[in-house]
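Given the structure is predicted, the values throughout are model-derived calculations rather than measurements.
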Amino acid sequence: MSQIPSNFTTCYPSAAFFGSMGAASALIFANLGAAYGTAKAGVGVAHLGIINQGKIMRGIVPVVMAGILGIYGLIVAVIISSGIKPESYTNFAGYVHFGAGLAAGMASLAAGLAIGIVGDSSVRAYGKQDKIFVAMILMLIFAEALGLYGLIISLLMNGVASSANSRLKCLAANGEVPAAAKS
């Protein structure tokens, strides 16, 4: 058996599974957060429509902010999916992509829970008192930031996975360095 260069590693098919689970996790959890935030805040907007119809357009801000969380998950899922190449996808990249998907998805889920609860109660209060609007927006911005933190971290993690994939090469199925790489 010949000496294996240090930039070669064994790549198992399970790496693509972990990467795909990262993409799926980002999309699923982010959309769960977006759905909850939209539904919960939407109930408050419906109540606002009964109390004061003229404030509905300003009152839908939490619903829009919750919807943005789903976009975060979609962005991460697309980026991870585009990085999965069966012939050169390392185990390291698969694990990092799995973590990146969980980071974005769970952060967006938490943000959606916060936006839904804050949005529902704030929109109802806004129907009775105009002065609460600025405070509502500030609370929603800080809740949305949770999802943004997850997006940023997952993008950084994707960069690490892409860097590893560009430096490491996969060994052939028999554990040998591929003939094309020896020259």
Side-chain angles (χ1 to χ4, degrees), residues 16-84 93-163:
F17 169 77
F18 282 104
S20 298
M21 287 302 294
S25 296
L27 192 61
I28 290 168
F29 291 124
N31 282 312
L32 280 172
Y36 179 83
T38 299
K40 184 84 168 141
V43 170
V45 172
H47 187 263
L48 176 64
I50 295 168
I51 296 172
N52 191 336
Q53 298 166 353
K55 295 181 177 180
I56 290 178
M57 287 311 291
R58 289 180 87 183
I60 64 166
V61 171
V63 174
V64 172
M65 291 182 81
I68 292 170
L69 297 172
I71 297 170
Y72 293 167
L74 177 64
I75 291 168
V76 172
V78 168
I79 289 172
I80 290 173
S81 296
S82 68
I84 300 174
Y95 302 145
V96 171
H97 278 152
F98 182 56
L102 285 176
M106 294 304 240
S108 292
L109 176 61
L113 294 172
I115 288 172
I117 293 167
V118 168
D120 181 28
S121 59
S122 295
V123 165
R124 290 173 190 254
Y126 173 60
K128 296 176 183 172
Q129 175 59 260
D130 285 344
K131 293 179 182 176
I132 195 74
F133 185 75
V134 173
M136 175 182 79
I137 296 298
L138 287 173
M139 289 184 284
L140 291 171
I141 288 171
F142 286 116
E144 180 81 23
L146 300 174
L148 191 58
Y149 299 154
L151 174 67
I152 292 167
I153 292 300
S154 67
L155 293 175
L156 292 172
M157 292 174 77
N158 181 66
V160 170
S162 297
S163 174

Between [X] and [Y] (side chain of the first, backbone of the second, donor and acceptor by atom type, cut-off under 3.5 Å), is there such a pair?
X	Y	value
Ser163	Gly159	no
Ser82	Ile79	yes
Ser154	Leu151	yes

Which pair of non-hydrogen atoms, one from [X] and one from [Y], has the smallest distance, and what is that distance?
X	Y	answer
Ile132	Tyr126	CG2-CA, 3.1 Å
Val123	Gly44	CG1-O, 3.4 Å
Leu69	Gly147	CD2-CA, 4.2 Å
Val76	Ala26	CG1-CB, 3.7 Å
Ala143	Ile115	CB-CG1, 3.7 Å
Gln53	Gly49	CG-O, 3.1 Å

What's the spacing between [X] [atom1] and [Y] [atom2] if we round to 0.5 Å?
X	Y	atom1	atom2	value
Ile50	Arg124	CD1	CZ	9.0 Å
Ile117	Ser122	CD1	OG	11.0 Å
Tyr36	Leu113	OH	CG	6.0 Å
Tyr72	Ile152	OH	CD1	8.5 Å
His97	Met157	NE2	CE	9.0 Å
Leu109	Ile28	CG	CD1	11.5 Å

Could you tell me whether the side chain of [Y] reaches within less than 4.5 Å of the side chain of [X], counting heavy atoms only?
X	Y	answer
Ile84	Ser20	yes
Phe98	Ser25	yes
Glu144	Leu140	no

Checklist line | Cation-pi check, Arg58 onto Phe133 ring (under 6.0 Å, within 45° of axis) | finding: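 Satisfied, under 6.0 Å and within 45°.
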
Checklist line | Pair Asp120-His47, side chain to side chain contact (heavy atoms under 4.5 Å, CB included): steps then yes or no | finding: CA-CA 9 Å; Asp120 181 28; His47 187 263; over 6 Å; no

